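Taking it in order: structure first as structure tokens, then the write-up.
Please read these numbers as outputs of a predicted model, since none were measured by experiment. In listed order, ligands and their atoms are each counted from 1.
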Amino acid sequence: MANQNNILISPVEYLKGVGSKRAELLRSELGIRYFKDLLYYYPFRYTDRTQFIKIKDILADGIYVQVRGILSDKEIVSGRNKKSRLEATLKDESGYIDLLWFQGVKWLDSSLKDGEEYIVYGKVSISYGKKSIVHPEIEMVSVDSLNRNVVLSPVYSSTEKLSKSGLSSRAISKLTYNLLLVLKDLVIEETLPDYLIGKLKLISRKRALFYIHFPKNNIQLKQAENRLKFEELFFLQLRLLFSKISRKRKLKGHLFPELGEYFNGFYEKNLPFELTGAQKRVIKEIRFDLKSGLHMNRLLQGDVGSGKTIVALMVILMALDNDFQACIMAPTEILAQQHFVSIEKLVAGLGINIAFLSGSVKGRKRKSILNSLYEGNINILIGTHALIEDWVKFKNIGIVVIDEQHRFGVKQRAKLWNKGNEIPPHVLVMTATPIPRTLSMTLYGDLDVSVIDELPPGRKDIKTMHFYENRRPGLVKFIKQEIEKGRQIYVVYPLIEESEKLDLKNLQDGYENLLHQFPRPEYQMSIVHGKMKPADKEFEMQRFKSGKTHILVGTTVIEVGVDVPNASVMIIENAERFGLSQLHQLRGRVGRGAEQSYCILMSSFKLSKEAKERLSTMVRTNNGFEIAEVDMRLRGPGDIEGLRQSGLLDLQLANIVQDENILRAARVNCKNILEEDPVLQLGKNIRLRNYILKNKHKFLSWGRIS
Ligand code: ADP
Ligand code: MG
């Protein structure tokens, strides 16, 4: 048989029905250059030619329908500001529905014909009993020669420019059909090992590529999707797991075999509370890494307040016991300070030398810190990103702890790796942003992940309520009661760049309103927002922290991780404008002390369906992982922080939320294969080995930089 590789990289121009003009359009509009690009340009939807709804049976507003009927009353109507639109009516035996287009009007007008039969697909709106579809997909019934006996026909996304030049979805499908005719008798290379295909009962790659374009029925479509999604997710996992294994094989790690005076002394004398089961488990997991001689690159996930700091500290003490230094990097000065203060207290009396370093530590003080760091007299350095500057030199850094890792850029983190001499320090990154499990399998597929999934005992669940504006008078009373009990209050306003001016005004108005209701000197208030000078912000935050002010009004600059145990009420204004994970982060600012805490979500009456679901999720649960799952379902994984840059989710067909089962299967099978054959040298894995060799450039060193 002919060599398919040569054919697949033929310029698309040479395909029957294309030619140079269309080739240029396909390239500029869709990025299709070669046969293979067209082959991998999958339909985004299929019309099921057996499934039509009668127009009179369309009862719900906002649903997608496919109807079939005769077109009539087609007319260009010019609206205001010279914009014209195309209107038409589609009639079937049961009724009629209006069709409306605002774009491509001329082109559509010339290509649609009154009196012909069409299939129409789109989202219905019903207003006063009148049914209409704006911008429906429309396709004539009679030209459907290609798929006469086919139930499903592919719909490809096209652009207006392409449609106008005759390259509608229908035309693209004809080209694809021509392409498949060319490929029919050729070999299309298989990418997965035969034994895996057999074991999982997948269809061959060639068959899948044919079925994905022209499935005869839903079974074929499902088979094709299954196969192609599996392949995508499998190779994603292979990239991640293979690089994790090779990193582990290549990279040595410092050995911390001893538990000595620091660790034991702390455990016996200083540990202020019993560790939770989850904390103990995680410490054991890390201890195992540090005794292995391999390099540790571990992500520690734990909801706000789950007690990550003490875990980090105890791991650091393991390093100290083996004569190494350690550092903790936090994303803001205030967080770094907080760590410094609390850790200094925790290790009091153990003879440990701790220093603080940030951009604001200057002159002789800085010089002396840097000197003693280099001499090895400082055991633990805590600070901001100042730590990664080149002039910060350790004598022998053993472990680096990074708090709230998602707030640091990738490059910044990479720099910390290079602080070691020959062997890079172990890395522990901590995050309070829970990541759905499917996502962490992907995003952090090449890191080791530990999870603290248990809160310290005695914490009361934060009571969360959703109020509309009419409850404000009651709210004011409630705040006064809480202040009377000696508690402190946060009031947070949204601030987004696009509406920054308006948002700042809302904040200012809100602040002034509060001043009326909580007059000085009885009540004291702080205000913080991003437009203030850092020093002023710091000053106000400190006033609140030290209890000098009762209420802190601000935008989301109220830092992640800020710990004011006495604050018991978090009021979030315009809560409908916040994302779920942000709401959850903000709520995590309260509930840190022993008192009952409250989170009050204020919103306007008019809420979108999604906003309602966000708010009701917050009211229903305090569990960060559950919230993360809902968040991902609502927004899709692409929007989750850090993902877009990572490029890890450039998936064509698979969706890690909807295809969780396939993802799991891909991961498990990939793991098993690599366990048996870590460098892919067995004959039966030759295709995988080839994949790795061919795709070296795709191997993100994500693990190395996280
Ligand atoms: P986070 O995981 O959000 O960084 P922290 O480490 O700041 O959480 O811990 C939150 C609070 O809980 C701190 O005041 C800490 O002292 C306390 N804490 C941590 N672990 C325990 C425990 N096992 N029992 C009781 N309190 C704990
Ligand atoms: Mg923390």
Side-chain angles (χ1 to χ4, degrees), residues 266-286 298-317 326-348 380 382-384 400-408 428-435 449-462 488 490 541 545 547 558-568 570 581-597 599 622-625 627-628:
F266 175 79
Y267 200 82
E268 280 150 28
K269 286 183 262 166
N270 288 33
L271 188 63
F273 35 66
E274 172 92 11
L275 294 174
T276 64
Q279 284 171 321
K280 284 184 193 159
R281 190 194 68 237
V282 168
I283 289 173
K284 261 193 212 139
E285 286 167 6
I286 296 172
R298 189 171 278 278
L299 174 74
L300 175 56
Q301 276 195 61
D303 215 340
V304 275
S306 60
K308 293 184 290 294
T309 315
I310 199 105
V311 170
L313 174 62
M314 292 177 74
V315 172
I316 283 176
L317 296 178
C327 72
I328 303 180
M329 179 164 85
T332 65
E333 175 114 16
I334 209 160
L335 286 178
Q337 273 286 355
Q338 204 168 273
H339 279 313
F340 179 71
V341 171
S342 64
I343 286 179
E344 205 168 39
K345 232 187 267 163
L346 281 168
V347 300
I380 308 176
I382 299 177
T384 59
V400 167
V401 175
I402 304 174
D403 199 13
E404 304 298 349
Q405 56 86 27
H406 61 281
R407 311 256 309 235
F408 287 102
L428 182 68
V429 295
M430 308 199 289
T431 177
T433 311
I435 299 164
V449 180
S450 290
V451 181
I452 304 185
D453 50 7
E454 181 185 350
L455 290 181
R459 291 277 167 80
K460 290 201 178 97
D461 259 1
I462 301 162
Q488 288 165 287
Y490 292 104
M541 290 294 304
K545 243 186 123 162
I558 294 180
E559 300 291 355
V560 173
V562 165
D563 197 10
V564 183
N566 191 46
S568 67
M570 166 62 67
S581 68
Q582 239 183 337
L583 289 172
H584 182 61
Q585 284 290 339
L586 285 170
R587 175 166 62 183
R589 302 301 103 228
V590 297
R592 312 207 126 215
E595 315 306 330
Q596 175 63 55
S597 292
C599 173
N622 271 293
N623 181 323
F625 282 97
I627 288 170

Among non-hydrogen protein atoms, atom 17 (C) of ligand 1 lies closest to Arg459 NH2, 3.7 Å

Distance to 0.1 Å, residue and atom name: give those for the protein heavy atom nearest to atom 19 (C) of ligand 1. Phe273 CZ, 3.5 Å

Counting each atom of ligand 1 from 1 as listed, which ones have a heavy atom of Thr276 under 4.0 Å away? 23 (N)

Who's the nearest protein heavy-atom neighbour of atom 6 (O) of ligand 1, and how far? Thr309 OG1, 2.6 Å

Specify the protein heavy atom at minimum distance from atom 2 (O) of ligand 1: its residue, its atom name, and the distance to 0.1 Å. Lys308 NZ, 2.8 Å

Would you say His339 and Asp403 make side-chain contact, with heavy atoms under 4.5 Å? yes

Provide the number and element of each atom of ligand 1 under 4.0 Å from a heavy atom of Ser306. 2 (O), 8 (O)

If I take atom CD1 from residue Ile382 and atom CD from residue Gln338, how far apart are they, to the nearest 0.5 angstrom? 11.5 Å

Are any of the N or O atoms of Pro456 closer than 3.5 Å to those of ligand 1? no

Donor-acceptor under 3.5 Å (Ser597 side chain, Gly591 main chain): yes

Can you tell me if Glu274 has a non-hydrogen atom under 4.0 Å from ligand 1? yes

Contact between ligand 1 and Ala432 is defined here as a heavy atom of the residue under 4.0 Å from a ligand atom; is it met? no

Just to confirm my output: which protein heavy-atom neighbour is closest to atom 9 (O) of ligand 1, and how far is it? Gly307 CA, 3.6 Å

Would Thr384 and Glu333 count as having a side-chain donor-acceptor pair, cut-off 3.5 Å? no

I want to check something: taking the side chain as every heavy atom from C-beta on, are Phe273 and Ile310 in contact at a cut-off of under 4.5 Å? yes

Charged N to carboxylate O below 4.0 Å: is that the case for Glu274 and Lys280? yes

Between ligand 1 and Leu275, is the shortest N or O to N or O distance under 3.5 Å? no

Do protein heavy atoms approach atom 13 (C) of ligand 1 to less than 4.0 Å? no

So CG of Leu583 and SG of Cys599: to nearest 0.5 Å the spacing works out to 7.5 Å

Could a heavy atom of Gly302 be found less than 4.0 Å from some atom of ligand 1? no

May I ask you to identify the nearest protein heavy atom to atom 20 (N) of ligand 1, giving residue, atom name and distance to one decimal place in Å? Gln279 NE2, 3.0 Å

Side-chain contact, heavy-atom cut-off 4.5 Å: Met430 with Val311? no

Just need the protein heavy atom nearest to atom 3 (O) of ligand 1, so name the residue and atom and give the distance. Gly305 N, 2.6 Å

Looking just at side-chain N and O atoms, do Asn622 and His584 make a donor-acceptor pair shorter than 3.5 Å? no

Please identify each residue that fulfils side chain to side chain contact (heavy atoms under 4.5 Å, CB included) with Thr276, with sequence neighbours left out. Ala278, Gln279, Glu454, Pro456, Pro457

